[in-house]
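Below: the structure, in structure tokens.
Lettering of chains follows the sequences in order, A, B, ..., and the numbering in each one begins at 1.
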Amino acid sequence: MPELPEVETTRRGILPFVEGFVVEDLVVRNRSLRLPVPTTLKRCLRGRQVVALKRRAKYLLFEFEHGHLLVHLGMSGSLCLVEAKQTLRKHDHIDLCLSSGKVLRYHDPRRFGLWLWTDQPVEEHALLRHLGPEPLGPDFDGELLFQKSRKRKVAVKSFLMDGKIVVGIGNIYAAEALFAARIRPTRAAGRVSRLEYQRLAEHSKRILAESIDQGGTTLKDFVGGDGSPGYFAQELAVYGREGESCGVCAGILKGKVIGQRASCFCPNCQK
DNA sequence: CCCGATTCCTGTAGGC
DNA sequence: TGCCTACAGGAATCGG
């Protein structure tokens, strides 16, 4: 389940074989992603140089002279650099063939991902324009969370996962950040104090940065650009640990559905 | 505007 | 062994 650290891990992994190289071909075996892969995409990309590979939220942005390729991994997508002769697996939907000699292969069993082209300035694209700040950037802090949350009744966990507030924090990292900040995820966002939001923002930044250092979280099948898994899963304190004992107080971690998402917290440590 | 529910999809796990 | 069901989740969309 790629959240920000997994997308950033992917970006860093594939960067050396993507940036500065020319797209020699695009092979789409299955256009049926969350939105259809445009039939015009090959024409947009072939013969063009990837000027830069950036990230915004959970989107990978392949920058070209006259537009951008937007790639979103959805919840089961991954990108891997492979040799051209590498045999295809089930759900290998797209190949981006590059002048580096490598093929960037897109694998996505659940097909919630996106591959789209835009000629607009990329920040103005409909999918990006209403997004909140990057959690690792200077615009994200406790004061922003505090100000945006006043009078809001939604659970603080759902609030933290809302891309209009701050991007890149999904179910795993929201659970972890709330545990580290000792805030119960069920509380109304508008009733969390300024001080608590300062803790939440700081721990969010720390946890995301540490996960990137570890190559992201591999729960089942996430792999970085070189095909290797991430090692942050062993650092997870609460995610997926319902019924186990808390590493801080040894109490039993409680599971609860919040905003249609499985959640887990420590009733003793998180107030 | 705010919020909860629904939707897309497939692999996996658990019950029987 | 196999069939069936529930569940996992990012984010857009819809209805109240």
Given the ring of A/Phe146, does A/Arg150 sit roughly above its face, with NZ or CZ under 6.0 Å from the centre of the six-membered ring and within 45° of the axis?
yes

Just checking [X]: base, sugar-phosphate only, or nothing, at a heavy-atom cut-off of under 4.0 Å?
X	result
A/Arg261	base
A/Arg34	base
A/Lys164	nothing

Under-4.0 Å side-chain N/O to phosphate OP1/OP2 contact, [X] with [N]:
X	N	result
A/Lys153	B/dC2	no
A/His72	C/dG10	no
A/Arg152	B/dC3	yes

Just the rounded figure in Å: distance from [atom2] of [N] to [atom1] of [X].
X	N	atom1	atom2	answer
A/Ile258	B/dC3	CD1	P	15 Å
A/Tyr173	C/dG10	OH	P	11 Å
A/Glu242	B/dG14	CD	P	13 Å
A/Leu160	C/dG10	CG	P	12 Å
A/Leu116	C/dA12	CG	P	12 Å
A/His130	C/dT13	NE2	C1'	14 Å
A/Glu3	C/dA11	CD	C1'	13 Å
A/Lys157	B/dC3	NZ	C1'	16 Å

Would you kindly compare A/Gln260 and A/His91 by the position of their nearest DNA chain B nucleotide and give the one closer to the 5′ end?
A/Gln260

A/Phe112 vs A/Lys90, nearer the 5' end of DNA chain B by closest nucleotide:
A/Phe112

For the pair A/Tyr106 and A/His93, name the ring-plane relationship: parallel under 30°, tilted 30 to 60°, perpendicular over 60°.
tilted

Classify the ring geometry of A/Trp117 against A/Phe64: parallel below 30°, tilted from 30° to 60°, perpendicular beyond 60°.
tilted

Whether A/Arg55 and A/Glu8 form a salt bridge (side-chain N of Lys/Arg under 4.0 Å from carboxylate O of Asp/Glu) is what I want to check.
yes

A/Lys42, NZ atom: more than 12 neighbouring heavy atoms under 6.0 Å
yes

